[in-house]
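Notes for the one structure printed next.
Model, not experiment: these values are computed from the prediction.
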Amino acid sequence: MEHNVSLSFTIVTYNNQDKIKNTILSIITAVDNLFPYKIFIVDNESTDKTLEVVRGINHKQIEIVPSENRGFGFGHNVVLNRLQSTYHFIVNPDIQIKDSQSLQVMINYMNENPSVGLLSPLILNEDGTIQYLFRNQPTVLDAAIRFAGKKILRKRQEKFINLKSGYNKILPIENASGSFMLVRTDIFKAVRGFDERYFMYYEDTDLTRKINEISSAMFVPTASVMHSWERANGRDIRYIWIMLQSLYKYMQKWGWVLW
């Protein structure tokens with residue numbers, strides 16, 4: 001067990017009974033006997049058997065925290081004042097950490113680079129292919145063409161996800177994915193966690209930007225996690241409306257950039 005390094009994890013759940021067990025067990029398997037740690041399960045009023053599944057794991061390092069369903073960022077912030085760790089992990093309920101070596105790569109990088117406040121690893125599909133989430137800060141154009149299909153303004157879309165980087169180099173990142181983030185706990189507290197005005201979408205973009213103002217965020221593809229990619233239906237008018245509201249809030253906060 002490494003001295004003076006402790007970890008915390010927060011998973012915000014909402015009707016994730018089919019995925020949550022594998023996510024929690026992957027964390028326990030990766031961390032156990034390496035670091036002191038705590039897993040917070042913040043439940044946003046699930047109506048399925050999510051909490052029953054979590055309780056069934058019956059592990060002493062798991063703490064269930066009931067919460068109002070006021071969004072992704074609000075849920076993660078519920079435990080902000082309880083965190084006493086060195087490093088904190090923001091984890092979706094559809095993520096799996098491959099093994100203890102993957103975790104150790106991330107911890108080693110943070111230990112060796114004290115100026116880094118946020119680490120975003122390579123995020124893979126279940127079949128091992130890459131999810132292209134090494135993204136730039138968004139513009140209104142970038143937000144609009146995501147609905148238009150991959151063939152529309154293809155070079156622009158490839159630029160937004162930094163496709164030419166090859167996804168094999170450690171580089172600064174402007175817009176990390178909230179599906180999995182490793183943050184330095186004191187930095188996460190210094191920026192007061194997520195901006196709770198976003199219910200869904202752009203809260204991770206906003207957090208990356210806040211952290212880059214006082215430290216640095218890095219894309220570190222030498223570490224990887226698996227993401228089952230449980231996304232809201234992009235054609236559902238409710239989610240499109242939420243996304244547009246979040247984009248408006250983001251641009252109002254940081255300044256409008258059209259293209």
Side-chain angles (χ1 to χ4, degrees), residues 6-16 19-20 23-24 26-28 30-31 37-46 50-51 54 61-97 103 106 110 116-121 123 133 135 173 175-215 217 225 227-232 239 242-243 245-246 249-250 253:
S6 59
L7 310 180
S8 55
F9 299 77
T10 299
I11 306 171
V12 174
T13 56
Y14 178 72
N15 293 345
N16 302 116
K19 297 285 185 181
I20 190 63
T23 299
I24 294 172
S26 81
I27 293 171
I28 292 171
V31 184
Y37 71 102
K38 184 88 173 180
I39 302 172
F40 295 98
I41 306 297
V42 178
D43 187 69
N44 279 354
E45 302 176 309
S46 290
T50 296
L51 290 181
V54 174
Q61 303 302 342
I62 297 173
E63 181 178 341
I64 296 173
V65 183
S67 177
E68 303 171 64
N69 189 7
R70 291 172 57 184
F72 177 89
F74 179 90
H76 279 282
N77 284 358
V78 164
V79 299
L80 188 62
N81 292 331
R82 304 191 197 189
L83 302 180
Q84 298 178 334
S85 55
T86 314
Y87 303 124
H88 181 63
F89 292 78
I90 295 156
V91 185
N92 264 22
D94 53 2
I95 284 282
Q96 289 188 52
I97 301 175
L103 181 81
M106 293 185 249
M110 295 297 281
V116 174
L118 184 156
L119 182 154
S120 179
I123 299 176
L133 296 171
R135 306 169 301 185
I173 187 169
N175 182 2
S177 169
S179 61
F180 187 95
M181 293 174 162
L182 165 53
V183 293
R184 204 172 291 274
T185 303
D186 59 354
I187 294 292
F188 190 47
K189 289 185 174 186
V191 299
R192 299 182 181 179
F194 287 97
D195 187 330
E196 296 174 9
R197 288 176 291 182
Y198 306 97
F199 182 79
M200 288 171 63
Y201 309 112
Y202 294 99
E203 65 278 276
D204 47 4
T205 308
D206 184 275
L207 180 67
T208 310
R209 194 158 183 170
K210 289 195 297 182
I211 288 176
N212 268 322
E213 287 191 326
I214 64 169
S215 62
V225 297
H227 184 205
S228 298
W229 203 251
E230 284 196 356
R231 302 188 70 179
Y239 293 113
I242 292 169
M243 184 180 290
Q245 288 179 307
S246 293
K249 291 172 184 176
Y250 179 84
K253 178 177 180 178

Taking [X] as the fixed residue, which of [options] is the one that meets the side chain to side chain contact (heavy atoms under 4.5 Å, CB included) rule?
X	options	value
Phe9	Ile28, Ile97, Val79	Ile97
Lys210	Leu118, Ile187, Thr205, Val191	Val191
Phe89	Leu119, Val31, Leu103	Leu103

Report summary line: Contacts of Thr23 meeting side chain to side chain donor-acceptor pair (under 3.5 Å) (sequence neighbours excluded), chain-then-number -> none
Query raised in the report: With under 30° as parallel and over 60° as perpendicular, where do the rings of Phe194 and Phe72 fit, or are they tilted in between?
Result: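 Ring orientation of Phe194 relative to Phe72: perpendicular.
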Query raised in the report: Is the Tyr198 ring parallel, tilted or perpendicular to the Tyr250 ring (thresholds 30°, 60°)?
Result: tilted
**Report entry** Between Ser85 and Thr185, a side-chain donor and acceptor under 3.5 Å
**Finding:** yes
Requested in this report: For side chain to side chain contact (heavy atoms under 4.5 Å, CB included), just list the numbers for Met200 and Tyr239, CA-CA rounded to whole Å, side-chain angles, deciding distance to a tenth of an Å, and then say yes or no.
Outcome: CA-CA 9 Å; Met200 288 171 63; Tyr239 293 113; 4.0 Å; yes
Query raised in the report: Would you call Arg82-Glu63 a salt bridge at under 4.0 Å N-O?
Result: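 Salt bridge: yes.
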**Report entry** Test: Arg135 and Asp204 ion pair at under 4.0 Å
**Finding:** yes
Query raised in the report: At what distance, to the nearest 0.5 angstrom, does CG of Leu51 lie from CG of Asp43?
Result: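 Answer for the CG-CG pair, Leu51 versus Asp43, is 4.0 Å.
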**Report entry** Asp195 vs Lys249, salt bridge (charged side-chain N to carboxylate O under 4.0 Å, His left out): CA-CA, chis, key distance, verdict
**Finding:** CA-CA 10 Å; Asp195 187 330; Lys249 291 172 184 176; over 6 Å; no
**Report entry** Worked verdict on Leu207 versus Ile90 for side chain to side chain contact (heavy atoms under 4.5 Å, CB included)
**Finding:** CA-CA 12 Å; Leu207 180 67; Ile90 295 156; 4.1 Å; yes
Report task. Decide side chain to side chain contact (heavy atoms under 4.5 Å, CB included) for Asn92 and Ile11; before the verdict, give the C-alpha distance in whole Å, the side-chain angles of both, and the deciding distance to 0.1 Å. Result -> CA-CA 6 Å; Asn92 264 22; Ile11 306 171; over 6 Å; no
Query raised in the report: Closest heavy-atom contact between Ser26 and Ile95?
Result: OG-O, 4.2 Å
